[in-house]
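What follows is a single structure, written as C-alpha cells, with notes after it.
No experiment lies behind these values; they were computed from the predicted model shown.
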Amino acid sequence: MTDTLRHDPDGAILVAGGYGTVGSALTALLAPDFLLLLTGRTPEKGAELASRHGASVRRWDLTDPTPFDASARAVVSTVNDPHDRVLTAAVQAGIPYVDITRWTTRVARAATLASQMSPTAPVYLSSGWMGGVTNIVAAALAEELGGAELIDVSIRYDVNDIAGLDSVEFMDRLGQDFEVMQNGNPITVSPLTDTRWVDFPGSRTKVGRIDTPEQFTFPMTLNVDTASTRIGFSSNASTTALLAAKKVGLFRWGRGERFTSLRRGLLYSPGTGGSAQVRVDVTGANGATSATIVDPQGQAHLTAVGGALAVRHVLSDDARPGVAFPESVPNPGHAISELENLGVAVLRT
C-alpha cells in the first residue's frame, strides 16, 4: 500500500480518527481556529460532527490496503496505527505530525522509524498519559526546581468516566512486566505492584505500577534518575477486584481476544461522567514540589487538550524538524497557562 499525503501550509489539519471519542473532543477544540479533515473507517458516523464544525470527512481505514490521498497542513493521529501508515505518510511528505495514542513500545518504535526517515518537519510523539499533559506539567515543575532527579506520576482513574470501552485498553497490558529507571538503573517491574496511598483533591487513592510512555522518555529528556507512574481507581471495589485479578494471574493466563471483554469489564462501567485527575511529584537537588491536574470534563477531553496544545506547537515558530516529546516544549510554564485556558486546572500542593 502507498498512501500519499502532500504538505499544504494553507490546508486543513487531518485528524485520523477525528470523530471517535477523543477525536471528537479534539475536533471541537481545533475547529474554531483551523480547517479540519476528519478520517476514519466509517465517515458517515462523522458526518454530523463534521457538519457542526465546518469540517470535511473522508474514509481512511488503516486496516484496508486501499491507498489514501490527501493534502494537509498538519496530521494528528488519535487512533491505533499498527502499521504506522499515518506516521509514514506524514513524515514522507514533510508534514508536521502529532500522535497521542501510543503505548511505550510503540512510542519507541515510532521514534526509531521517524528518525530513520530523517524528517524535515516536527514529529511530536505526545503519547504520555492523557495526550502528554502529564509530561508538560512535570517539565514545568522540574524547570521551577532547576532540574529534577525523581518524578512520580499518580493517576486517579474515574470508573464513571463517559469515555468508551476502548478507554480501558490499558487493561490488556497488565500481564506484561516493563522496564523503568530507578536510581539511575533500569529495573523490571510488574503492573499493579509497589502500591502506595496518594492524596488527590477530595480523596485518598491506592495506586500501583502501570506502563506509560513518560517513564520511558523522562530519563532521556529531563535527565531524571527515577521515573515512575502508578494508577488507582475512584472505586475501591474496582481497585480490590483488579488487585485480586492480578494476584490470581488473570492478566497472564487471560491474554488474547478471547478474554478481552472479561479484562476490560473489570473497569468499564460508563456513567454520567467523571473527573480526570493526575498528581505529579517532582524532586530535585533544590527541593521538591507537586501539582495535581484536574479536568472535570474527563479523560477524553484531557487527552484532546494535550493534542490541541501539540498541534499548536508543531505549527509554531519554536517547532523544529525531528522527533520530540511533550516535555521538550519550550517554556512549559506557559503551556500550563494554556491548559487552564482550556478548562484544565493545575492545582499546586
Do the side chains of [Y] and [X] get nearer than 4.5 Å, heavy atoms only?
{"X": "Trp129", "Y": "Val278", "result": "yes"}
{"X": "Leu62", "Y": "Phe68", "result": "no"}
{"X": "Val282", "Y": "Ile151", "result": "yes"}
{"X": "Asp295", "Y": "Val133", "result": "no"}
{"X": "Arg106", "Y": "Thr101", "result": "no"}
{"X": "Tyr124", "Y": "Pro96", "result": "no"}
{"X": "Val123", "Y": "Leu87", "result": "yes"}
{"X": "Glu149", "Y": "Val224", "result": "no"}

Tell me whether Arg41 at atom CZ has more than 12 heavy atoms from other residues, nucleotides or ligands lying less than 6.0 Å away.
no

In Å and rounded to the nearest 0.5 Å, what is the [atom1] to [atom2] distance from [X] to [Y]?
{"X": "Thr195", "Y": "Ile231", "atom1": "OG1", "atom2": "CD1", "value": "14.0 Å"}
{"X": "Thr193", "Y": "Ile210", "atom1": "OG1", "atom2": "CD1", "value": "11.5 Å"}
{"X": "Ser228", "Y": "Glu214", "atom1": "OG", "atom2": "CD", "value": "9.5 Å"}
{"X": "Tyr19", "Y": "Leu26", "atom1": "OH", "atom2": "CG", "value": "14.5 Å"}
{"X": "Arg109", "Y": "Trp103", "atom1": "CZ", "atom2": "CH2", "value": "15.0 Å"}
{"X": "Ile336", "Y": "Asn331", "atom1": "CD1", "atom2": "CG", "value": "9.5 Å"}

Given the rule in the side chain to side chain contact (heavy atoms under 4.5 Å, CB included) test, do Leu30 and Arg312 qualify, once you have shown the distances and angles that lead to the verdict?
CA-CA 9 Å; Leu30 294 177; Arg312 289 179 170 85; 4.3 Å; yes

Please step through side chain to side chain contact (heavy atoms under 4.5 Å, CB included) for the pair Val86 and Trp60, ending with a clear verdict.
CA-CA 10 Å; Val86 182; Trp60 190 3; 4.0 Å; yes

I'd like to know if [Y] and [X] are part of one continuous hydrophobic network [Ile/Leu/Val/Met/Phe/Trp/Tyr, side-chain heavy atoms within less than 4.5 Å].
{"X": "Val198", "Y": "Ile155", "answer": "no"}
{"X": "Leu29", "Y": "Leu35", "answer": "no"}
{"X": "Val329", "Y": "Leu315", "answer": "yes"}
{"X": "Met181", "Y": "Phe325", "answer": "no"}
{"X": "Val153", "Y": "Leu347", "answer": "no"}

Flag, side chain of [X] to backbone of [Y], donor-acceptor distance under 3.5 Å:
{"X": "Asp158", "Y": "Ser234", "value": "no"}
{"X": "Thr78", "Y": "Ala16", "value": "yes"}
{"X": "Asp281", "Y": "Ser290", "value": "no"}
{"X": "Ser51", "Y": "Glu48", "value": "no"}
{"X": "Thr292", "Y": "Phe200", "value": "no"}

Residues Arg6, Asp8: salt bridge by 4.0 Å N-O rule:
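So Arg6 does not pair with Asp8 through a salt bridge.
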
Arg230 with Asp152: basic N within carboxylate O range, under 4.0 Å
yes

Where [X] and [Y] come nearest, the two heavy atoms and their spacing:
{"X": "Phe218", "Y": "Ala227", "value": "CB-CB, 4.1 Å"}
{"X": "Pro67", "Y": "Arg85", "value": "CA-NH2, 4.5 Å"}
{"X": "Pro321", "Y": "Pro119", "value": "CB-O, 3.8 Å"}
{"X": "Ala108", "Y": "Phe216", "value": "CB-CZ, 3.8 Å"}
{"X": "Tyr97", "Y": "Asp99", "value": "OH-OD2, 2.6 Å"}
{"X": "Gly287", "Y": "Leu145", "value": "O-CD1, 3.7 Å"}

Would Gln215 and Thr212 count as a side chain to side chain donor-acceptor pair (under 3.5 Å) if you check the C-alpha gap in whole Å, the side-chain angles of each, and the deciding distance to 0.1 Å?
CA-CA 6 Å; Gln215 295 172 97; Thr212 54; 3.0 Å; yes

Mind telling me whether Phe233 and Tyr157 have parallel, tilted or perpendicular rings, with 30° and 60° as the class edges?
perpendicular

Modelled atom types, side-chain donor and acceptor of [X] and [Y], under 3.5 Å:
{"X": "Thr188", "Y": "Asp177", "answer": "no"}
{"X": "Thr66", "Y": "Asp64", "answer": "yes"}
{"X": "Glu327", "Y": "Thr221", "answer": "yes"}

So, applying side chain to side chain contact (heavy atoms under 4.5 Å, CB included) with Thr104, which one of Asp211, Val180, Thr217 is it?
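Among Asp211, Val180, Thr217, the one meeting side chain to side chain contact (heavy atoms under 4.5 Å, CB included) with Thr104 is Asp211.
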
Side chain to side chain contact (heavy atoms under 4.5 Å, CB included) for Val346 and Glu340? Distances and angles first, verdict last.
CA-CA 7 Å; Val346 179; Glu340 294 173 338; 4.1 Å; yes

Thr289 and Arg348: CA distance, side-chain angles, deciding distance, side chain to side chain donor-acceptor pair (under 3.5 Å) verdict:
CA-CA 8 Å; Thr289 188; Arg348 303 305 299 267; 2.6 Å; yes

Verdict with reasoning, Gln297 to Leu302, per side chain to side chain contact (heavy atoms under 4.5 Å, CB included)
CA-CA 7 Å; Gln297 297 183 65; Leu302 183 57; over 6 Å; no

